S.K.: 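Could you have a look at this structure, given as structure tokens, before my questions?
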Amino acid sequence: MSGAGLSAGAIQVSTADGIAELRLCREDSRNALSSGMWKELRRFARHVAHDRTVRAILLAGDEGVFSSGADIREFATLRAPGATRAYDDLVESALRALEAVPQPTVACVAGPCVGAGASLACACDLRIAADDAYFMVPAARLGLGYDPRGIARFVRVFGDSVVRGLLLGGQRCDARDAHASGAVQRLVKPGTVLEEGRQVARSVAGTAPLTLAAAKATLAALAHADADSEGLRQRALKADASADYAEGLAAFLDKRKPEFQGR
């Protein structure tokens with residue numbers, strides 16, 4: 001990759017001094033992740049994995065918000081009956097491509113880090129968060145079936161107990177609690193997360209890349225628990241085909257409280 005910045009979709013990419021910096025840039029939707037952004041992220045990851053000039057990767061939103069989650073405005077089409085599997089596979093392929101790059105990846109989390117945004121942060125190797133940031137996974141408020149592979153990723157990063165609170169209890173995990181659990185490696189003052197992340201990336205970029213790549217591969221082998229079973233996916237797809245999901249999506253778009261019936 002060249003040192004010049006480029007803009008593709010709602011993700012801006014720039015490279016300098018061995019560091020590739022990706023910025024989510026959708027102020028109008030609080031950095032909601034569109035299908036086009038997942039495709040661009042996947043393309044970037046597959047390319048940068050072979051770029052020896054890039055030694056570290058930084059991923060951020062801005063100092064106010066990391067990401068409000070998936071772009072739910074696309075769900076009527078992309079998560080329509082029969083289409084959900086393809087959408088889930090797109091998201092998962094992008095996250096796995098990011099996880100597979102040999103370079104260390106650093107997520108800079110400020111403000112809300114919700115749903116798919118939390119998945120993206122969890123796909124990075126290190127997370128730096130402002131102490132007023134938080135994580136949330138509001139799948140049950142929409143009635144959608146969360147991809148089991150995504151749940152497995154959350155458990156690897158946050159641990160079983162925290163994820164139960166996120167998914168089943170509808171709780172949010174504040175950055176301070178995430179730091180205490182080990183999900184966040186560094187907690188910083190609000191307004192400083194980008195600069196702190198850049199400092200970490202610069203430090204990483206100055207270390208031995210083959211050593212880091214070998215360590216990443218070993219850690220992945222030790223931590224990976226594959227949740228890609230057909231039985232689990234069918235349960236999630238059943239929820240996605242339910243009347244409750246249709247109601248949850250309609251309520252979100254209408255800005256009203258959903259009325260779930262359990263069918």
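Bear in mind the structure is a predicted one, so any value in this text is a computation, not a measurement.
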S.K.: Strictly below 4.0 Å, N to O, side chains only: are D174 and R176 in salt-bridge contact?
M.R.: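 So D174 does not pair with R176 through a salt bridge.
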
S.K.: Any chance you could measure L194, atom CG, to E63, atom CD, to the nearest 0.5 Å?
M.R.: 4.0 Å

S.K.: Taking only Lys NZ, Arg NE, NH1 and NH2, and the carboxylate oxygens of Asp or Glu, determine whether D89 and R85 approach each other closer than 4.0 Å.
M.R.: no

S.K.: Taking only Lys NZ, Arg NE, NH1 and NH2, and the carboxylate oxygens of Asp or Glu, determine whether E196 and R202 approach each other closer than 4.0 Å.
M.R.: no

S.K.: What's the verdict on side chain to side chain contact (heavy atoms under 4.5 Å, CB included) for R186 and L126, showing C-alpha distance, side-chain angles and the deciding distance?
M.R.: CA-CA 9 Å; R186 182 178 296 189; L126 301 170; over 6 Å; no

S.K.: Quick test of your reading of the model: are K216 and D125 salt-bridged, counting only N-O distances below 4.0 Å?
M.R.: yes

S.K.: Looking at F158, F154, F66, which one forms a ring-ring contact (aromatic ring centres under 6.0 Å, His included) with F135?
M.R.: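 Single ring-ring contact (aromatic ring centres under 6.0 Å, His included) partner of F135 among F158, F154, F66: F158.
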
S.K.: Side-chain contact test, heavy atoms from C-beta onward, threshold under 4.5 Å: evaluate it for L166 versus Q171 and give yes or no.
M.R.: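 Result no, sub-4.5 Å side-chain heavy-atom pair not found.
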
S.K.: Do the side chains of R26 and D71 get close enough for a salt bridge, i.e. N-O under 4.0 angstrom?
M.R.: yes

S.K.: Could you measure the distance from the NZ atom of K39 to the OG atom of S34? Nearest 0.5 Å is fine.
M.R.: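 Those atoms lie 9.0 Å apart.
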
S.K.: Taking the basic N atoms (NZ, or NE/NH1/NH2) and the acidic carboxylate oxygens, is any pair closer than 4.0 Å for E40 and R43?
M.R.: yes

S.K.: Does the side chain of V114 come within less than 4.5 Å of R172's, by heavy atoms?
M.R.: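 Counting from C-beta outward, R172 and V114 never come under 4.5 Å.
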
S.K.: Check whether the side chains of T77 and Y87 place a donor and an acceptor atom closer than 3.5 Å, and report yes or no.
M.R.: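 Absent: no donor and acceptor within the cut-off.
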
S.K.: Does any non-hydrogen side-chain atom of V48 lie less than 4.5 Å from one of I57?
M.R.: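 Yes. Closest side-chain heavy atoms under 4.5 Å.
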
S.K.: Any ion pair linking E74 and R79 (charged N to carboxylate O, less than 4.0 Å)?
M.R.: no

S.K.: About how many Å separate OG1 of T105 and CD of E99, when rounded to the nearest 0.5 Å?
M.R.: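 Atom-to-atom, E99:CD and T105:OG1 are 8.5 Å apart.
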
